[in-house]
There are 2 protein chains.
Amino acid sequence: MTDDHNKPVTSFDVARRAGVSRSMVSRAFTEGANISEKSREKVLKAAEELGYRVNFLARGLQTRQSNLVGIVASSLDTPFRSRQVRIAAQEFISHGYRPILLTVEPGDDVGQWVSVMLNYNVAGVMVTSATPSPKIIQECRKLRMPLVLINRGKNQDIADTVQIDVQQAGELAFTMLTRSRAGRLAVVHPQIPSYSVTGRARAFIEKCRIENIEVDEFISTSQSYAAGYDIAGNIGLSLDHIDGVFCATDLLALGVMDRLRADWNTRFPDDLQVVGCDDIEQAGWGAYHLSTIRQDAEEQVLAAVTQMLERIENPDAPIQHYNQRLTPIFRKTTLSNYD
Amino acid sequence: MTDDHNKPVTSFDVARRAGVSRSMVSRAFTEGANISEKSREKVLKAAEELGYRVNFLARGLQTRQSNLVGIVASSLDTPFRSRQVRIAAQEFISHGYRPILLTVEPGDDVGQWVSVMLNYNVAGVMVTSATPSPKIIQECRKLRMPLVLINRGKNQDIADTVQIDVQQAGELAFTMLTRSRAGRLAVVHPQIPSYSVTGRARAFIEKCRIENIEVDEFISTSQSYAAGYDIAGNIGLSLDHIDGVFCATDLLALGVMDRLRADWNTRFPDDLQVVGCDDIEQAGWGAYHLSTIRQDAEEQVLAAVTQMLERIENPDAPIQHYNQRLTPIFRKTTLSNYD
DNA sequence: ATGAAAGCGCTAACAG
DNA sequence: CTGTTAGCGCTTTCAT
């Protein structure tokens, strides 16, 4: 090994050592290329010895397609989101794509990050965070860059989307809460509007209105556990006339429960029924046994990945919207189930 | 707009429309390049009109450096891991790097993924999952590819690492548990060995031995909540002669607590003291108030990113090991604190 | 089956 | 300050 130079080894080096042309080493690393088994082995051997690796970026430049995809996500350290991202990454990888992960912090402009992705020639980008501006969505469309939005509503029919059926979510929550005993309801949802979480709360309120049930509205500062814990300070004050509460997010529900237990010794479901939404892992933990509405992360992400793959395949296909159905999960914070 | 062809627009197109050379458009997009304000604006305008974006991959090919980095992580949907990854991604991004996220699934070969990163000319890779084989670590070193390992132990002094002080962790757990009343201890840790989690359990046991305190060992199937819940079935049987238990992971501790409460009506800390490790968000939740040993994810990841940046800067610097100190967090599952 | 040559989109070195 | 030239590492016609 005299050639331990610092220069990265290129196909040229391999070609020389194998005594063939650069084309041959390219072929040796290309599935189903026109090359004899003998030559291929010769090349592979030389490559091995030299520690050669195909430079995918250069390859992409030539073939005019990269197998990079973008994932832009916010609140990555939140149970539901991290689940989504894990599945998405895994799924992309299993399809031969490599995900670039761009995390959105509060105050960031999502569009900016989507825009950055464009610089990397990604095959497509999936966003599960705040909604990018119509402008950037337009730009993606113009550049024929596949873009799929998760739980951002059908954005003016301009991008592929996967979203939960917010209507169904609201109605499900209502039914779960009122099935056993009608009552005086409440809902807690975050102040900052967002398609899916504000949407389900709105739908719930609407349903109450239709059914002529009074509903108190509690606005939390965010959709976190801490926010639930905080707002529960107010809920506690209304405990005497509230039967059941729908928390727009499991995390919110968990915070609410802990605060109520701590300050008012509330028992669930006897003193208060509660229903969450998402079905994060913690909802099923023994300390909570939260009844909730399951939003199947796997189904959701798989649908999104499929949409993206299809659009990469056929950029001119009509826009798709996948409306995800929800499942009620009866655990121990509601009085009875449907049977 | 007659030129709405499908062809992606290149610097050549922009150059022509702006009436300058390709070099000029390159300069226009390069920080601190030698170009007049007037020309730059002309180029920028043309670029804007055409919807031009610099192709970073091509740029990287030329400048022989990409601003891509790799993150390989397992169990991404776990509280601590997702926190690490969020911080890492955020940190890399803020330094101008774009992280490619490769998730490791059980049974995967970590080395394979590190290897894949090499194809993308990443500036470096951070791994927080199972330990890659010495072989791949060697290869990275040979290719002068910066590699930093989090909580994988000092791998034969062959890669930069950041890890917790397992010794301190074990001793801290011991002290937290025995400070108020000496007793009969137990430890639960997963079967599958891993540097940091097995390490802290071993250190705890060792400390008990030195101090002449008996310690029961419970082996769980993994480090998850569910595994803790399961193994607590056995712990329950020994409840009469155990005072305190150290769970190698917060998640494990939470599972243990829930099971013990459900089946034996155990009260913490009165019936049993418990100490976890990591300090995930859930440890602080009202249903648990788990006393634990904090492993500061932010500090840890920042240290790792810094190591990597430094190595990119200077590939030949001596290997670094960052030994992270731990902090005891006294909540309500231990009897008293240090004061 | 193999090699020569052209070129993907970009930047850097060199003239002017 | 600007244009010309020469590649970065790779794949791909097109001949042979």
Side-chain angles (χ1 to χ4, degrees), chain A residues 5-44 46-47 50-68 117-123 143 145, chain B residues 5-44 46-47 50-68 117-123 143 145:
Chain A
H5 293 82
N6 261 343
K7 296 238 165 200
V9 5
T10 77
S11 70
F12 188 81
D13 304 312
V14 179
R16 198 172 37 187
R17 176 179 259 258
V20 295
S21 71
R22 262 151 82 241
S23 317
M24 291 307 279
V25 0
S26 171
R27 292 196 249 264
F29 286 98
T30 307
E31 208 65 21
N34 220 345
I35 185 178
S36 69
E37 201 44 49
K38 207 176 124 217
S39 302
R40 160 167 275 134
E41 274 173 21
K42 213 162 45 172
V43 171
L44 258 30
L50 258 31
Y52 168 77
R53 339 202 33 114
V54 179
N55 182 333
F56 280 19
L57 271 27
R59 170 185 282 181
L61 193 57
Q62 169 69 334
T63 60
R64 319 175 105 265
Q65 48 148 291
S66 83
N67 45 9
L68 259 21
M117 290 295 187
L118 265 23
N119 287 316
Y120 288 90
N121 248 22
V122 293
L143 295 174
M145 151 77 54
Chain B
H5 293 82
N6 261 342
K7 298 236 164 200
V9 7
T10 77
S11 69
F12 189 81
D13 304 313
V14 178
R16 199 174 35 188
R17 176 180 258 258
V20 295
S21 70
R22 264 151 81 241
S23 315
M24 290 307 279
V25 359
S26 171
R27 293 196 249 263
F29 286 98
T30 308
E31 209 62 24
N34 223 345
I35 185 177
S36 70
E37 201 45 48
K38 207 176 126 219
S39 303
R40 159 167 275 134
E41 275 172 20
K42 215 165 38 174
V43 171
L44 259 29
L50 258 31
Y52 168 76
R53 339 202 34 114
V54 178
N55 182 332
F56 281 19
L57 271 27
R59 170 185 283 182
L61 193 57
Q62 170 67 332
T63 60
R64 321 174 103 267
Q65 50 148 291
S66 84
N67 46 10
L68 259 21
M117 290 296 188
L118 265 23
N119 287 316
Y120 289 90
N121 248 21
V122 293
L143 295 174
M145 150 78 55

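We name chains A, B, ... by the order of the sequence lines, and we start the count at 1 in each one.
Scanning residues 28-39 of chain B for heavy-atom distances under 4.0 Å to DNA chain D yields B/N34, B/I35, B/S36, B/S39. For DNA chain D, the neighbouring residues in residues 18-26 of chain A, judged by any heavy atom under 4.0 Å, are A/R22, A/S23, A/S26.
When the C1' atom of C/dG9 is taken as reference, atom CZ of B/R16 falls 15 Å away, rounded to whole Å. Atom-to-atom, CZ of B/R59 to P of C/dC8 comes out at 19 Å; the value is rounded to the nearest Å. Between the CD atom of B/Q65 and the P atom of C/dT11 there is a distance of 11 Å, given to the nearest Å.
Inter-residue side-chain proximity for B/L143 and B/L118 is flagged as met; some heavy-atom pair is nearer than 4.5 Å.
For the atom pair CZ (B/R40) and OG1 (B/T30), the distance works out to 8.0 Å, reported to the nearest 0.5 Å. A/S66 contributes atom OG, which lies 11.5 Å from atom OH of A/Y120 (distance to the nearest 0.5 angstrom). Here OG of B/S11 is found 15.0 Å from CZ of B/R53. Values are rounded to the nearest 0.5 Å. The CZ atom of A/F56 lies 14.5 Å from the CG atom of A/L61; values are rounded to the nearest 0.5 Å. Of the inter-residue distances, the one linking A/M117 atom CE with A/L68 atom CG reads 8.5 Å to the nearest 0.5 angstrom. Within the model, atoms NZ of A/K42 and CD of A/E37 stand 12.5 Å from one another, a figure rounded to the nearest 0.5 Å.
Qualifying side-chain contact (heavy atoms from CB on, under 4.5 Å) partners for B/T10, counting only residues two or more places apart in sequence or in other chains: B/F12, B/D13. Annotation: side-chain contact (heavy atoms from CB on, under 4.5 Å) contacts of A/R27 (sequence neighbours excluded): A/S23, A/M24, A/A33, A/I35.
Both B/L61 and B/R40 lie close to DNA chain D; mapped to their nearest nucleotides by heavy-atom distance, the more 5′-ward contact belongs to B/R40. Of the residues near DNA chain C, A/A58 and A/R27, the one whose nearest nucleotide (by heavy atom distance) lies more toward the 5' end is A/R27.
Scanning all heavy atoms of the two residues, the minimum distance from A/G51 to A/V9 falls at O-CG1, 4.1 Å. Here the closest non-hydrogen pair linking A/V14 and A/V43 is CG1-O, 3.9 Å. Heavy atoms only, all atoms of each residue included: A/A46 and A/A18 are closest at CB-CB, 3.9 Å.
Here the range on DNA chain D touched by chain A, meaning any atom under 4.0 Å from one of its heavy atoms, is D/dG9 to D/dT12.
In terms of phosphate contacts, A/R64 brings no side-chain nitrogen or oxygen within less than 4.0 Å of OP1 or OP2 of C/dC8.
Listed by first residue number, the stems of DNA chain D with at least three Watson-Crick or G-U pairs below 3.5 Å are C:1-16 with D:1-16.
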